[in-house]
Every structure is written in C-alpha cells, then in structure tokens.
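Scroll down for the structure; my scribbles are underneath it.
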Amino acid sequence: MSIKSIAAKIFARKIYYQTQAWSNKPVAIQFEVFKSLIQNAKETEFGKDHDFGNIKTIEDFQKNVPIRDYEDLKAYIEKVKIGEADILWKGKPIYFAKTSGTTSGAKYIPLTKESMPYHVEAARNAILHYIHETGNADFVDGKMIFLQGSPILTEKHGIKFGRLSGIVAHFVPKYLQKNRMPSWETNCIDDWETKVNAIVDETIKEDMSVISGIPSWVQMYFERLQQKSGGKKISEIFKNFNLFIYGGVNYEPYRAKFEQMIGKKVDSIELFPASEGFFAYQDSQKEKGMLLLLNSGIFYEFIKADEFFADPDGSGPKRYTIGEVELGVNYALIVSTNAGLWGYNIGDTVQFTSLAPYRVIVSGRIKHYISAFGEHVIANEVENAMKEATAGTNIVINEFTVAPQITPSSGLPYHEWFVEFENEPDNMQAFAEAIDDSMRKQNIYYDDLITGNVLQKVVVSKVSKNGFQEYMKSQGKLGGQNKIPRLSNDRKIADNLK
C-alpha cells in the first residue's frame, strides 16, 4: 500500500465524520444556510428589490421571492454580464458557466468565489466516501481520466466564461495533476470526435484506474478503444480499472452494455452536478440514492411535480422545505444559492429514497415527460421499464428515447420507443410487451389509457448503429455535457431519428 493510498484513507475517515455531523441535523443546517444567503445578499440589487432586509423567516422569503426560471432571471444576469457588481450576489462572479437551454438558447449561470469551492469539494468527497466505505484506495496510484469540455475560457468585464467541466478543470488539486488524463492540449480540442480519438491515443497504453464522464460519451470512448486495440475488453486494456464515476444521466440503461465492453463488473459512483450547483453524490455502495448536500451554500425547496403547473388561487404551488418532504414523491428541485440564484427552478425532478440521511435519485426533468393524453410519464418510469424488460436476457441497449405518436397512419395512438440495440431481442413483440407491462404497473394513468382503448401498447422502433450519435452531431451537440432527453412530449427528436 502506497503512502498516497494510506493518506487517502485517513482523509476519507475525517470527511466521513464531518459529513455525519451536518447530515444528522438537516433542518437546522438548512436554516443556517438560508440565513447566511439572505444576510449576504440583502444589499444587492436583487435583495433590495425583494426586501431581503425584512426577511426573517422562510415564509417571508417565499412571499417575496417567486419561483423563477432562467428567462425570469435574465434581466439581472444581463447586468452582471456587462460587469455590474452587487446585482444577484455581492461583488461580481468569477465565472459564468455557459450551458444549453431548451427555450432560452445559451444560458449563463454565475459561479462566485463562495460557490466554486463546493463544486470541487463535492466531487472529491464522493470519492473519499467510497474509500471510507470500501477500504479500496489503490486506484489513487493509477491514472484517472475525466471526459469533459474544453478548459479554454474567454474573459469579459473581469469575468471568465466557459463550460462548467472546463472551468472545474482549472481546480484539479496538485496531488492529482500527474495522475490526471488527458493532457491539457488534448483536453482543449473542441471537436468531440477528434478529441476522443486523441484521448484514445494518449491513454491506451496507460494504467487507467478511474474513468469519469457522462455514460453515453464514455461508451463512445470505450468503443474507440476497442477498435484501436483489435476488439479487446476494456479490462484487458486497463487491467487496474475498477471505478467508474458518472453523472448527468441514469447509468442503469447503459450498465449491461458497459459490463459487456469492460468484461467485468466495476464499482461506480453517481454524481449530481450542474452549473447551478453540486447538489448530491452517492455516499454509499449499499444504499439507494445520492446524499443531498445541505451544507454547501444552497437552500433547497421542493414542489410536487403534479402540482407544479397548477395555480388555482394565483399564489403559486406549495413550496416544501427539507423537513417536509416525503419518500417516493416526484419533486421539482428549486434552489437559492451563494452564486446568486433565487427561487430558481433548475428543471430537474428528484425523489427521496431516504430521509435519514436525505438521499435522492434524479427522476427526470419537469419539462421532459409524456402527457399527450394526461398520462404524465416521467424519465424514471421509462428507465425502470427498460431495466425490467432487459433483466435476465441477452438484450443490450446502447441508447433509447420515447415520444408519443398522436396521429398514426392507422389504429390507436401509442408511445413509440426508439431503441439502438447492441444485442437485439429474439422476440421484439415480447420485448415491447415487457416494457408495456412495466409501464402499466408503474403508472396508473397510462394503465387506464391502455385499458380504456385510448392508447395501444408500446411500439418499438429500431435505430441504426450510431444513430443517436449521428443525431447529436447533426444538432451540434456531440459530446461534452450534452445528453439525449430520455423522453419528450413532442416528436422533434423522433422525426429526426426516423
């Protein structure tokens, strides 16, 4: 055992007990965060506009600060972008993370000197919790790769602009620098396909022990490695690879394909990072869900997803705080942060899997659902259905998405599942039936529509090899932090795949 791995275990134990200390008093910790946010922002333009000086309680805050999305906050952000200070948070942010918006085009999310350290600490602490629980620290001596956006930044009015993953690359601790791959030069390549090929060339002869990234793009990296090596399994190329770190999408639909490519099972750690904040990470290999980070400069509110768009009396939907949430309910996640976001709807939905400590899974997007007939199907349901339909079979899925077919050329409407197979089912009809059965068990509204002959059962449409990659390339979204939506309430993606 190396000095580095011994030190990692000692540090991991310290972080574990620090986490226990704050996670054992969640409501009190969240109220302390809330008070600190209000105090620090009361002299900002936003704070004055919303009377932060007189806010004493969470109820005061909820009366003064409505739920906002990016468009609602954009007027303030535009002032910050041109260099004005004390607008959303004291002073000016040190970075703007550029991210894609569905309705707003590019979005620019501020990162401040107060918020930035939490992005780095959370990723580090996720690994340390893994070390503490498993006792496995040998991987710290191997090479680690983080598939991410370019670290090249631009600067305007004293604020640097870039992709979140590229910004975070500037904060990699010195003790990891010599282990970290790819090289800075390769990481700066903008074209994703060129970049992946360069990463393959750099890493194929290295001792890679940790690989991290969005599963769909790591899959592309693995495929290129296998092509370059003449079809070897990833575990043959990297004999000490034993930890996969991922975020952005659910790993389960990719797990079978990954284990086939790797040639063995490897441990994994799930992260929940976003430009708006690093919200949660998997703190245990034994428990379901990710630990919600309640002490990281973020005040959380939750709105039940089925109430989100309902506003019968004009006061808006009820906003729940951490002490009021329930297990298994689908909530829209609302945050107020030390980067200057206030009552901000990040677009993700979560479900709690534990209340002691508070752990969540990401269940989907509040605007990514299918409800063409009132069924309100969410991402977590379709991912569970795919998992159940492939369990115990030789079926391997590369990627999939789901869309409604409202006006078929004949027969009843249906949900169309676009699937790129690595190994196809022997019986496609039985596969579709298995998906449909799972959906009906999970979603009573969908079951009613099938029973009532409003919808016909699921239809599976095959997507050609690399079809999803080609679609993303055609949209200028190949690689980086871009992801295929698991489901849509329209056919924009579906018609392109057709």
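The model shown is predicted, which means the values in this text are computed figures rather than measured ones.
Using modelled atom types and a 3.5 Å distance limit, the side chains of Tyr16 and Asp283 yield no donor-acceptor pair. Using a 3.5 Å distance cut-off with no hydrogens or angles, the side chains of Thr134 and Gln285 do not pair a donor with an acceptor. In summary, the side chains of Glu388 and Ser438 do present a donor paired with an acceptor at a separation below 3.5 Å, with no hydrogens or angles considered. No side-chain donor from either of Asn394 and Asn423 sits under 3.5 Å from a side-chain acceptor of the other. Side chains of Glu276 and Thr337: a donor-acceptor N/O pair is absent below 3.5 angstrom, by distance only. For the 3.5 Å distance criterion, the side chains of Gln39 and Ser36 fail to qualify, holding no donor opposite an acceptor. With 3.5 Å as the limit, one finds a donor-acceptor pair spanning the side chains of Lys4 and Asn179.
Taking the six-membered ring where the residue is Trp, the centroids of Phe171 and His119 are separated by 6.0 Å or more. Annotation: Phe96 is in aromatic contact with Phe161 [ring centroid separation under 6.0 Å].
Relative to the ring axis of Phe302, Arg319 does not place its NZ or CZ within 45° and under 6.0 Å from the centre. Annotation: cation-pi geometry satisfied between Lys318 and Tyr320 (NZ/CZ under 6.0 angstrom from ring centroid, within 45° of ring axis).
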- Taking it one step at a time, do Tyr300 and Tyr358 satisfy ring-ring contact (aromatic ring centres under 6.0 Å, His included)? CA-CA 12 Å; Tyr300 298 94; Tyr358 285 91; over 10 Å; no
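In this structure a side-chain-to-backbone donor-acceptor pair under 3.5 Å is present from Ser212 to Ile245. One N or O on the side chain of Glu236 and one on the backbone of Lys233 form a donor-acceptor pair closer than 3.5 Å. Side chain of Ser23 to main chain of Thr19: a donor-acceptor pair is present (N/O by atom type, distance under 3.5 Å, no hydrogens or angles). Side-chain atoms of Gln475 do not come within 3.5 Å of backbone N or O of Met472 as any donor-acceptor pair.
Using cut-offs of 30° and 60° on the angle between ring planes, the pair Phe222 and Phe241 is perpendicular. By the 30° and 60° cut-offs, the orientation of the rings of Phe258 relative to Tyr254 is perpendicular. Phe299 and Phe34 have tilted rings, their planes meeting at an angle from 30° to 60° on a 0 to 90° scale. Using cut-offs of 30° and 60° for the angle between ring planes, the Trp417 and Phe400 rings count as parallel.
Using a 4.0 Å cut-off between a side-chain N of Lys or Arg and a carboxylate O of Asp or Glu, Lys35 and Glu32 qualify as a salt bridge. Using a cutoff of 4.0 Å between basic side-chain nitrogens and carboxylate oxygens, Glu399 and Lys257 are not scored as salt-bridged.
Of all heavy-atom pairs spanning Met439 and Ala385, the tightest one is SD-CB, 3.7 Å. For Asn187 against Ala169, the heavy-atom pair with the smallest separation is ND2-CB, 4.5 Å.
The CG atom of Asp138 sits 12.0 Å away from the CG atom of Leu243 when rounded to the nearest 0.5 Å. Note that CE of Met144 and CG of Asp207 are 10.5 Å apart. Values are rounded to the nearest 0.5 Å.
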